[in-house]
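For this chain, numbers begin at 1 and follow the sequence in order.
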Amino acid sequence: MAQPAHMASAWPDEPVPLSLDTAPVPEYGTGSLADLLPTIAAGLEVPGFEHRIAELTPADRNCVFLIDGLGWEQIKAHPGEAPFLASLLGSSRGGTGRPITAGFPATTATSLASVGTGRPPGEHGLPGYTVRDPAIGELMNQLRWKPWTPPHAWQPYPTVFQIADTVGVHTAQVSSPTFRDTPLTKVALSGGTFHGRLTGEERMDLAAGQLAAGDRSLVYTYYSEVDGSGHRFGVDSDAWRGQLMCVDRLVQRLAEQLPPRAALYVTADHGMIDIPFDEQSRIDFDEDWELRAGVALLGGEGRARHVYAVPGAASDVLACWREVLGEQFWVASRDEAIEAGWFGPTIDERVHGRIGDVIAAAHDDVIITASVNEPNESAMVGVHGSMTPVEQLVPLLEVRS
Ligand SMILES: [Zn+2]
């Protein structure tokens, strides 16, 4: 499918030349995850929201199905395993199948907060997998919420679900019971009623019922295992393909149960890329004295690093990381990344110090591991985080009843 004109300049088919000016910044405001719920809410006439994604047309009943880790490029590459999803890629069914951008970094905690709050990372304040908490000077893992931090001080904005709920839109989240009371759910997805169900089939059936439960409804549902198998075994592994086949059937199951006047939107929080297990592709920060010089904390994840310098060393660290990483990464200072719009058009004051003094976003098929401090993450086959199309572009597929 041809990409919309406004995306053509930022997302060329050819690899982008490596300069900060040409890093493909997410399409905040017109075509990013943070624009989806506000556009739906505008269609439901919830006060305070405007229509941001041009192709979406309003529906009374709206379901967002977020498939963790299933990028746009992966669906395009696997029509055999995902025949139903692949049929939604173009506009042949009257839908608006197109890619949108996840946001930076392309990681679950960041993206879920962007979806739920309808705000870019610079505002909701979850700008990475791990980021420094300026109040204590330590890393905070935003997916696992460790160390525990008061959730609503960390992310104070109401979710779109909460706002829609107050004006009478029937809202619900249908996910795994394990996420019911997590801080990430609280700050990103609360509002209406949370329904925990263990199996994908139960979630689809319940989501369809919740859609029908109101004249105007907004329902969110979620599936995690495409991402999980990609991390463990790689994109394209048998396990990953099996998960793709499974989720394809789940989407079809939900699509076939849509009540009247409904729209189902299938999207994802990020794509994924496999990284070979060799020294050129996996740069081990914990073993690299050049990269470690002047660094107080290493945050983020392999393909999207927040680097926090010891006081006074930020410019030396920036110069060194640029020198060592060469053209394999986009390397920016905090100010450069903010200026370029990586985290959105505005950065709230409380978010500023969570962003690294230096940010390194992978351009090539490489990661910066940390074998001592992050043994589990460093052993992953499939990873994500950066701004390359395979990680950054996520589907926005539509089924209408
Ligand atoms: Zn993941």
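- Atom OG1 in T369 sits 7.5 Å away from atom CZ in R305 (nearest 0.5 Å).
- When all heavy atoms of P127 and P121 are compared, the closest pair comes out as CA-CB, 4.2 Å.
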task = Go through the steps for Y222 and Q173 under the test side chain to side chain contact (heavy atoms under 4.5 Å, CB included), then give the verdict.
result = CA-CA 8 Å; Y222 172 82; Q173 298 82 29; over 6 Å; no
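- Listed here is the closest heavy atom pair of A41 and F49: CB-CD1, 3.6 Å.
- Within the 4.5 Å cutoff, no side-chain heavy atoms of D248 are placed close to those of E81.
- Using a 4.5 Å heavy-atom cutoff, the side chains of R400 and T57 are in contact.
- Considering only residues two or more places apart in sequence or on other chains, H195 meets the ring pair (Phe, Tyr, Trp, His ring centres under 6.0 Å) condition with none of them.
- With a 4.5 Å cut-off on side-chain heavy atoms, P147 and I136 count as touching.
- Put simply, the side chain of T267 never gets that close to the backbone of L66: no donor and acceptor are under 3.5 Å apart.
- With 3.5 Å as the limit, one finds a donor-acceptor pair spanning the side chains of Y223 and Q243.
- Under 3.5 Å, the side chains of R61 and S401 contain no donor-acceptor pair of N or O atoms.
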request  = Evaluate the criterion side chain to side chain contact (heavy atoms under 4.5 Å, CB included) for residue pair W145 and T182; output intermediate values, then yes/no.
outcome  = CA-CA 8 Å; W145 217 264; T182 66; over 6 Å; no
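- Looking only at distances, a side-chain donor or acceptor of T185 sits under 3.5 Å from a matching main-chain atom of F179.
- One distance of note links CG of D286 with CG of N373; it measures 5.0 Å at 0.5 Å rounding.
- Looking only at side-chain heavy atoms (C-beta outward), I338 and H352 come within less than 4.5 Å of each other.
- One N or O on the side chain of R241 and one on the backbone of D236 form a donor-acceptor pair closer than 3.5 Å.
- Nearest heavy atoms, L397 versus G97: CD2-CA, 4.0 Å.
- Between R98 and E27 there is no salt bridge, since no side-chain nitrogen of the basic residue lies less than 4.0 Å from a carboxylate oxygen of the acidic one.
- With sequence neighbours excluded, no residue forms a ring pair (Phe, Tyr, Trp, His ring centres under 6.0 Å) with F233.
- Under a 3.5 Å cut-off, the side chain of T159 and the backbone N or O of L189 do not form any donor-acceptor pair.
- Checked by atom type and distance alone, the side chain of S217 pairs as donor or acceptor with a backbone atom of L211 at under 3.5 Å.
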key: Derivation and outcome, side-chain hydrogen bond (donor to acceptor under 3.5 Å, both in side chains), residues T107 and T110   = CA-CA 6 Å; T107 197; T110 304; 5.6 Å; no
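- Minimum interatomic distance between C63 and T221 (heavy atoms only, all atoms of both residues): SG-CG2, 4.2 Å.
- The distance from atom CG of D357 to atom OG of S315, rounded to the nearest 0.5 Å, is 10.0 Å.
- Residues L70 and W240 form a side-chain contact, since some pair of their non-hydrogen atoms from C-beta on lies under 4.5 Å apart.
- Between F285 and V295 there is a side-chain heavy-atom pair separated by less than 4.5 Å.
- Checking H170 against Q210 by side-chain atom types alone, a donor-acceptor pair falls below 3.5 Å.
- Judged purely by atom type and a 3.5 angstrom limit, Y157 has no side-chain atom pairing as donor or acceptor with the backbone of V187.
- The closest donor-acceptor contact from the side chain of E391 to the backbone of I273 lies at 3.5 Å or more, if one exists at all.
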message = I'd like to know whether L325 forms a side chain to side chain contact (heavy atoms under 4.5 Å, CB included) with I283, so could you lay out the CA-CA distance, the side-chain angles of the two residues, the decisive distance to 0.1 Å, and finally the verdict.
response = CA-CA 9 Å; L325 298 176; I283 303 161; 3.9 Å; yes
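- Listed here is the closest heavy atom pair of R132 and L139: N-CD2, 4.0 Å.
- Using a 4.5 Å heavy-atom threshold, the side chains of I100 and V394 count as touching.
- Of the charged side-chain nitrogens involved, none lies within less than 4.0 Å of a carboxylate oxygen, so that R144 and E377 do not count as a salt-bridged pair.
- Partners of H384 according to the ring pair (Phe, Tyr, Trp, His ring centres under 6.0 Å) rule, which considers only residues two or more places apart in sequence or in another chain, are H231, H270.
- Between the D133 side chain and the A135 main chain, a donor and an acceptor come within less than 3.5 Å of each other.
- Judged as a salt bridge (Lys or Arg N to Asp or Glu O under 4.0 Å), and not counting sequence neighbours, the contacts of D35 are R52.
- The salt bridge (Lys or Arg N to Asp or Glu O under 4.0 Å) pairs that include a residue from residues 189-204 number zero, where partners must be two or more places apart or lie in different chains.
- Across D269 and A102, no two heavy atoms sit closer than the pair O-CB, 3.4 Å.
- Between I359 atom CD1 and S386 atom OG the span is 11.5 Å, to the nearest 0.5 Å.
- Other residues, nucleotides and ligands place more than 12 heavy atoms under 6.0 Å from the CG atom of D278.
- Using the six-membered ring where Trp is involved, F161 and Y220 have ring planes that are perpendicular, over 60° apart on the 30 and 60° scheme.
- The side-chain heavy atoms of I355 and H306, taken from C-beta on, include a pair separated by under 4.5 Å.
- A donor-acceptor contact shorter than 3.5 Å links the side chain of T39 to the backbone of I53.
- For residues 215-234, the set of pairs meeting the salt bridge (Lys or Arg N to Asp or Glu O under 4.0 Å) definition, not counting sequence neighbours, comprises D215-R261, E225-R232.
- Looking at Y308, its side chain does come within 3.5 Å of a backbone N or O of R354 through a donor-acceptor pair.
- Taken from OG in S190 to CG in L184, the straight-line distance is 10.5 Å, to the nearest 0.5 Å.
- Residue K146 holds its NZ atom at 13.5 Å from OG1 of T130, rounded to the nearest 0.5 Å.
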ask   = Checking side chain to side chain contact (heavy atoms under 4.5 Å, CB included) for the pair V351/F343: CA distance, chi angles, key distance, verdict?
value = CA-CA 10 Å; V351 181; F343 299 97; over 6 Å; no
